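Please read all numbers here as calculations on a predicted model, not as lab measurements. These numbers come from the heavy atoms of this one structure, side chains and all, not from hydrogens, waters or symmetry mates.
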Amino acid sequence: MTGKNTKASRTKANSPDTPHGFARGLTNYGDRDFSVYLRRTFASSMGYSRDMLDRPIVGIAHSASGFNNCHRHFPELIEAVKRGVLAAGGLPVEFPTISLGETFLAPTSLKFRNLMSMDVEEMTRAQPMDAVVLLGGCDKTVPAQLMGAASANIPAVQLVAGPMSTSRHRGERLGACTDCRRFWAKFRAAEIDAQEIDAVERRLASTAGTCAVMGTASTMAILAETLGMMPANSAACPAVDADRLRMAEETGRVAFDLVANPVRPSDIITAQSVENALRVLLAIGGSTNAVIHLTAIAGRLGIRVDLQHLNALSETTPVLVDLKPTGRFYMEDLYAAGGVPAILRELKPLLHLECRTVTGETLGERLDAVSWIDHEIVHRFSEPVRETGGLVALFGNLAPRGAILKRSAADPALFEKEGRAVVFTSLEDLANRIDSDTLDVTPDDFLVLQNAGPASEAAMPEAGYLPIPAKLARAGVKDMVRLSDARMSGTAYGTIVLHIAPDAASGGPLALVRNGDRIRLSVAKRLLELMVTEAELTRRRTENSLRINQPTRGYAKLYAREILQADEGCDFRFLKPE
Ligand code: FES
């Protein structure tokens, strides 16, 4: 992944016919030369030499924040990116954007993903830079950066935080956050005591970097590399590995090369590369959230992700990667096994190899460099972990615009099942009653959560992983069918139907489910059916009165007015191309 044409890049970028660096995108004072003079005056106050002021600028948009543990090593990564840009002949200029630390935001980070994407789009467009490095990692940051970059469409290279390293508890390997949930489930079932859960809490996330399993952050990093927006093999490298610093340096060089040889996000993110990303999402048993994010990223360039097409791809794409939450290993093991190039190499027969990447190579050319794969972790195409993809979309009268099930993380014994609905009308209702000893529930029931979708006040949190009711958990029940319009953490597992669209808050059929209704799930038929007559549903529609407090000002008002459903990536209506 060495940078190319550095000298030529510099020469072309410095041509007087091509305004670059501080001469780009001038503040308007009605006198262009004065604008340049004034800007250089103020830039000089930062101590830049004349040589630096003349250079093309590579912006570094980063999301470091005291509220983002995953990004705590960003100062070091930023220095490495700068090294790469300077060595190539450019001037690196870092700037902060909104940061979205997954566990630090209420009601949920997804609510602010589009806000961050607007920040990235507008600041890369408004500030003088010839190319930009996008430095993110935690779940929503990479999608937001790619959405913003796609809309701004200036040459951009993604760099990610890299995954956390694992730690140990009583000899057992731990990594956030599949093990967070596993131990919490043990605590709820009274299998471990308060002292032990306290000890585990201090060991689950013990280094910088993103969650250590195939959660949303890892999935999105892998998809960014698959799309071609990152240098090869830069998604899976651990946050604390020296290789990550070398990758950061290389990312700086690659970004500088884009100044003279501009490959824009619209050249890279195409219908073909998006299909490659969907294939890889299925092959890695990736996060359900990635369906929403990829839909939003592609949507910024007018490319539609169709859930029926996802189902067709799922039938012909094997799961090749044995990582938690569906398998055994962690992200650091994937890197040691050959990283994303190893996955792409095995999946080669199914990929569009002609797709362009930020380094100027095609995807196919990148794969020629793969020399070794640990097949215990990245299985051979001919010997997959499972024959079909990790995700399926379900349709039916309960989900006319689709729902998502991560079948690779679910219990096949529950795939063809009819059950009685036990309904929770909101997250508050769920919290109040789920652990009540008087809750009328059996292991064969379907737990249904309403009003947790994108149009709800809750803004589609990762609450789709409904807890097993305490009395059933104590009796040893590990999984049940659970349905909602919410999302689920990429690190979670269970027979959990998510993203039901349209959601209950926007008047979708999910709002019409009542306690005791029968619901049919058939993964084989991709079916989610509310077994209630149309006449009764029509009657319920007239009685159904939603009580949503409409926000009256600020971002919340914008969100409520513009938010789209899950099948449109939960983007804002006005951010999609005309
Ligand atoms: Fe940042 Fe999991 S909390 S990636």
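- Between the Arg407 side chain and the Gly389 main chain, a donor and an acceptor come within less than 3.5 Å of each other.
- Ion pairing between a basic and an acidic side chain is recognised when a charged N comes within 4.0 Å of a carboxylate O; Asp333 and Arg173 show such pairing.
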Please evaluate residues Tyr330 and Asp179 with respect to the criterion side-chain hydrogen bond (donor to acceptor under 3.5 Å, both in side chains), reporting the C-alpha separation (whole Å), side-chain torsions for both, the decisive distance (0.1 Å), and the verdict. CA-CA 11 Å; Tyr330 295 86; Asp179 296 323; 2.6 Å; yes
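- Seen from the ring of Tyr493, Arg181 does not count as a face-on cation partner, given the 6.0 Å and 45° thresholds.
- Residues Met229 and Leu146 are in side-chain contact: their nearest non-hydrogen atoms beyond the backbone lie under 4.5 Å apart.
- Here the side chains of Glu418 and Ile519 are not in contact, with every heavy-atom distance at 4.5 Å or above.
- Arg380 has no carboxylate O lying under 4.0 Å from a charged side-chain N of Glu346, or vice versa, which leaves the two without a salt bridge.
- Once rounded to the nearest 0.5 Å, the distance linking SG of Cys570 with CG of Asp503 reads 8.5 Å.
- With a 6.0 Å radius and a threshold of 12 heavy atoms from other residues, nucleotides or ligands, Glu76 has its CD atom at or below the threshold.
- Taking a cutoff of 4.0 Å between a charged side-chain nitrogen and a carboxylate oxygen, Arg420 and Asp440 qualify as a salt bridge.
- Inter-residue side-chain proximity for Leu227 and Leu294 is flagged as met; some heavy-atom pair is nearer than 4.5 Å.
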Apply side chain to side chain contact (heavy atoms under 4.5 Å, CB included) to the pair Met230 and Leu159, showing each step before the final yes or no. CA-CA 7 Å; Met230 288 163 68; Leu159 175 65; over 6 Å; no
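- Counting heavy atoms from C-beta outward, Ser117 and Phe112 have side chains that stay 4.5 Å or more apart.
- A distance of 5.5 Å separates CG of Leu405 from CZ of Phe415, quoted to the nearest 0.5 Å.
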Is there a side-chain hydrogen bond (donor to acceptor under 3.5 Å, both in side chains) between Arg279 and Thr316 once you walk through the steps? CA-CA 9 Å; Arg279 288 273 191 202; Thr316 53; 2.8 Å; yes
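- Atom CZ of Phe381 has more than 12 heavy atoms from other residues, nucleotides or ligands within 6.0 Å.
- Electrostatic pairing of Lys186 and Glu196 does not count as a salt bridge here, judged by no charged N lying under 4.0 Å from a carboxylate O.
- For the pair Asp119 (side chain) and Ile98 (backbone), a donor-acceptor distance under 3.5 Å is present.
- With Leu391 as reference, Val291 is the one residue of Thr317, Val319, Val291 to meet the side chain to side chain contact (heavy atoms under 4.5 Å, CB included) rule.
- Although no hydrogens or angles enter the test, the distance criterion places no donor-acceptor pair under 3.5 Å between the side chain of Ser314 and the main chain of Val392.
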Applying side-chain hydrogen bond (donor to acceptor under 3.5 Å, both in side chains), run through Tyr335 and Asn233 and close with a yes or a no. CA-CA 8 Å; Tyr335 183 61; Asn233 202 19; 4.5 Å; no
Show the numbers, then the answer: is there a side-chain hydrogen bond (donor to acceptor under 3.5 Å, both in side chains) between Asn289 and Glu462? CA-CA 9 Å; Asn289 285 315; Glu462 291 186 338; 2.9 Å; yes
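- For the side chain to side chain contact (heavy atoms under 4.5 Å, CB included) test with Leu347, the passing option among Ile284, Leu320, Leu282, Thr226 is Leu320; the others fail.
- Under the 3.5 Å distance criterion, with hydrogens and angles disregarded, a donor-acceptor pair is assigned to the side chains of His309 and Glu275.
- A distance of 12.5 Å separates OG1 in Thr495 from NZ in Lys406, rounded to the nearest 0.5 Å.
- Counted by atom type alone, Gln565 and His499 present zero donor-acceptor pairs between their side chains at under 3.5 Å.
- Atom-to-atom distance recorded for Arg386:CZ and His379:NE2 is 13.0 Å, nearest 0.5 angstrom.
- Using modelled atom types and a 3.5 Å distance limit, the side chains of Lys140 and Ser109 yield a donor-acceptor pair.
- For the residue pair Gln450 and Leu512, the shortest heavy atom distance occurs at NE2-N, 4.3 Å.
- Under 4.0 Å is where a charged nitrogen must lie from a carboxylate oxygen, and between Arg328 and Asp322 at least one such pair does.
- Using a 4.5 Å heavy-atom cutoff, the side chains of Ser63 and Phe74 are in contact.
- In plain terms, the two heavy atoms of Ile292 and Ala566 that are nearest each other are CG1-O, 4.2 Å.
- Under the 3.5 Å distance criterion, the side-chain polar atoms of Ser99 are left unmatched by any main-chain donor or acceptor of Asn68.
- Counted within 6.0 Å of CD on Glu315, heavy atoms from surrounding residues, nucleotides or ligands total more than 12; the atom is thus considered enclosed.
- In this structure the side chain of Thr166 reaches within 4.5 angstrom of the side chain of Glu332, judged on heavy atoms.
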Given the rule in the side chain to side chain contact (heavy atoms under 4.5 Å, CB included) test, do Leu527 and Arg520 qualify, once you have shown the distances and angles that lead to the verdict? CA-CA 7 Å; Leu527 184 72; Arg520 185 166 163 229; 3.6 Å; yes
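- Looking only at distances, a side-chain donor or acceptor of Glu225 sits under 3.5 Å from a matching main-chain atom of Ala235.
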Would you check, one step at a time, whether the test side chain to side chain contact (heavy atoms under 4.5 Å, CB included) holds for Leu310 with Val305? CA-CA 8 Å; Leu310 176 77; Val305 171; 5.7 Å; no
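- In this structure, Arg433 and Phe424 have side chains that are in contact, with non-hydrogen atoms separated by less than 4.5 Å.
- Put simply, the side chain of Asp479 never gets that close to the backbone of Gly494: no donor and acceptor are under 3.5 Å apart.
- Shown here for Met331 and Ser218, the closest heavy-atom pair between the two residues is CG-OG, 3.3 Å.
- Side-chain polar atoms of His293 and Arg113 form a donor-acceptor pair below 3.5 angstrom.
- Remark: the backbone N or O of Cys138 is paired with a side-chain donor or acceptor of His71 at under 3.5 angstrom.
- A donor-acceptor distance shorter than 3.5 angstrom exists from the side chain of Asp435 to the backbone of Ala470, with no hydrogens or angles considered.
- Put simply, the side chain of Arg244 gets close to the backbone of Cys237: a donor and an acceptor are under 3.5 Å apart.
- By the 6.0 Å and 45° rule, Arg482 stacks over the aromatic ring of Tyr465.
- Annotation: side chain of Ile468 is not in contact with side chain of Lys478 (no heavy-atom distance under 4.5 Å).
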Evaluation steps, side chain to side chain contact (heavy atoms under 4.5 Å, CB included), between Asp139 and Met220: CA-CA 8 Å; Asp139 290 14; Met220 290 312 303; over 6 Å; no
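- In this structure, Leu344 CG and Asn276 CG are separated by 8.0 Å, a value rounded to the nearest 0.5 Å.
- Side-chain atoms of Thr178 do not come within 3.5 Å of backbone N or O of Gly175 as any donor-acceptor pair.
- Ile197 contributes atom CD1, which lies 11.0 Å from atom CD of Glu191 (distance to the nearest 0.5 angstrom).
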Glu416 and Lys525: salt bridge (charged side-chain N to carboxylate O under 4.0 Å, His left out), yes or no, with the steps? CA-CA 9 Å; Glu416 308 300 318; Lys525 293 185 175 146; over 6 Å; no
